[in-house]
Amino acid sequence: MASGVFERQGTFSKDGYGFAGKATEFTPPAIEEVMQEHNAGGVGGTLEIPMGRVSNMEATWTLKTADADAYKGTHRNNVGIKYRASAVDEEGNEVPIRYELWGRITRCEESAKSPDGESTITERMHVTAYSKFVNNELVREIDIKAVIFKPDGEADIWEGMR
């Protein structure tokens, strides 16, 4: 996929329900490998050594025009969500994007109703599994419990730890 992709507003499903609402905002989890500094004699600085794990991952989203099912699964373990959107590449082509997350929703905040009667729900999830697909091709996968980490969608760098 070309750089300079603009992602559009997408639809949202949660825990097996086909449609839970339209997402006006979606922030996928940041994947940060835990590193430890190592000082060795004769080395002119410190070296960072990967510790074979990642920092806690969180995702947030804001739903507008939410269905009643959007409230289900809050503060429960192993809630699965899917966020589907499309993006436009530099050539103007529509590119489908899908995120699949598993984890525990740790925060649910409702906004005040606007004069037109609409409100939003903002939720935060502690993520234990995360996959991203672009044009139905896996481009990133991490699963803490299954010890899978494919930062490029192909090579599993945690395979030796299972």
Side-chain angles (χ1 to χ4, degrees), residues 1-36 48-67 69-90 93-111 120-162:
M1 182 171 63
S3 61
V5 172
F6 172 73
E7 193 167 312
R8 298 182 174 184
Q9 175 176 302
T11 60
F12 199 81
S13 60
K14 183 169 26 172
D15 215 17
Y17 296 102
F19 177 76
K22 288 194 179 287
T24 58
E25 293 179 33
F26 177 78
T27 305
I31 299 174
E32 181 180 355
E33 288 189 80
V34 175
M35 306 294 271
Q36 182 172 346
E48 286 197 336
I49 299 172
M51 299 305 297
R53 60 188 180 99
V54 295
S55 297
N56 287 338
M57 298 182 294
E58 285 189 346
T60 58
W61 56 85
T62 301
L63 297 180
K64 184 178 178 182
T65 64
D67 189 87
D69 291 333
Y71 293 93
K72 296 180 180 178
T74 302
H75 305 291
R76 235 182 350 123
N77 279 326
N78 294 324
V79 174
I81 66 111
K82 287 183 184 174
Y83 172 71
R84 291 179 179 88
S86 64
V88 179
D89 65 13
E90 292 174 337
N93 301 316
E94 291 278 331
V95 179
I97 296 178
R98 183 176 81 242
Y99 294 91
E100 296 179 4
L101 306 172
W102 283 92
R104 180 182 180 95
I105 296 173
T106 58
R107 181 181 173 118
C108 180
E109 180 181 339
E110 293 184 57
S111 71
T120 60
I121 303 168
T122 301
E123 292 182 316
R124 179 175 59 210
M125 173 186 270
H126 173 77
V127 177
T128 57
Y130 160 52
S131 299
K132 179 180 180 180
F133 299 84
V134 176
N135 218 7
N136 293 320
E137 182 179 328
L138 181 67
V139 296
R140 181 170 296 123
E141 179 181 21
I142 185 164
D143 190 328
I144 302 298
K145 294 177 182 178
V147 193
I148 296 171
F149 185 22
K150 298 178 181 178
D152 61 358
E154 294 177 13
D156 186 356
I157 62 175
W158 286 352
E159 185 175 13
M161 292 192 276
R162 291 194 288 276

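For Asp89 (side chain) and Asn93 (main-chain N/O), a donor-acceptor pair under 3.5 Å exists by modelled atom type.
The two atoms that bring Lys150 and Asp156 nearest to each other are CG-CA, 3.9 Å, heavy atoms only. Between Ala30 and Met57, the shortest heavy-atom distance links the atoms O-CG, 3.7 Å. Shortest non-hydrogen contact noted between Gly103 and Thr128 is CA-OG1, 3.9 Å. Here the shortest heavy-atom pairing between Glu123 and Cys108 reads OE2-SG, 3.8 Å. For the residue pair Tyr130 and Pro28, the shortest heavy atom distance occurs at OH-CB, 3.9 Å. For the residue pair Glu141 and Ser131, the shortest heavy atom distance occurs at CG-OG, 3.7 Å.
Ring geometry for Trp61 against Phe26 counts as parallel: the plane angle stays under 30°, on a 0 to 90° scale with 60° as the upper cut.
In this structure, Ile97 and Ser86 have side chains that are not in contact, with every pair of non-hydrogen atoms separated by 4.5 Å or more. Looking at Ile31 and Ile142, their side chains come closer than 4.5 Å, going by heavy atoms from C-beta outward. Residues Val127 and Arg104 have side chains not in contact (no heavy-atom distance under 4.5 Å, counting atoms from C-beta outward).
Here the OG1 atom belonging to Thr106 is positioned 8.5 Å from the NE2 atom belonging to His126, to the nearest 0.5 angstrom. Between atom CD of residue Glu110 and atom CG of residue Leu63 there is a gap of 11.0 Å, rounded to the nearest 0.5 Å. To the nearest 0.5 angstrom, Glu58 atom CD is 11.0 Å from Thr27 atom OG1. A distance of 8.5 Å separates CD1 in Ile144 from CG in Asn56, rounded to the nearest 0.5 Å. Rounding to the nearest 0.5 Å gives a distance of 9.0 Å between CG of Leu138 and CD of Glu100. In this structure, Arg140 CZ and Asp152 CG are separated by 9.5 Å, a value rounded to the nearest 0.5 Å.
In this structure Thr122 satisfies the side-chain hydrogen bond (donor to acceptor under 3.5 Å, both in side chains) test together with Thr62, sequence neighbours excluded. In terms of the ring pair (Phe, Tyr, Trp, His ring centres under 6.0 Å) criterion, residue partners of Phe149 (sequence neighbours excluded) are, by chain and number, Trp158.
The only member of Thr60, Val54, Leu101 that meets side-chain contact (heavy atoms from CB on, under 4.5 Å) when paired with Pro29 is Leu101.
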Full working for side-chain contact (heavy atoms from CB on, under 4.5 Å) between Glu109 and Ile121: CA-CA 6 Å; Glu109 180 181 339; Ile121 303 168; over 6 Å; no
Pair Val147-Glu159, side-chain contact (heavy atoms from CB on, under 4.5 Å): steps then yes or no: CA-CA 7 Å; Val147 193; Glu159 185 175 13; over 6 Å; no
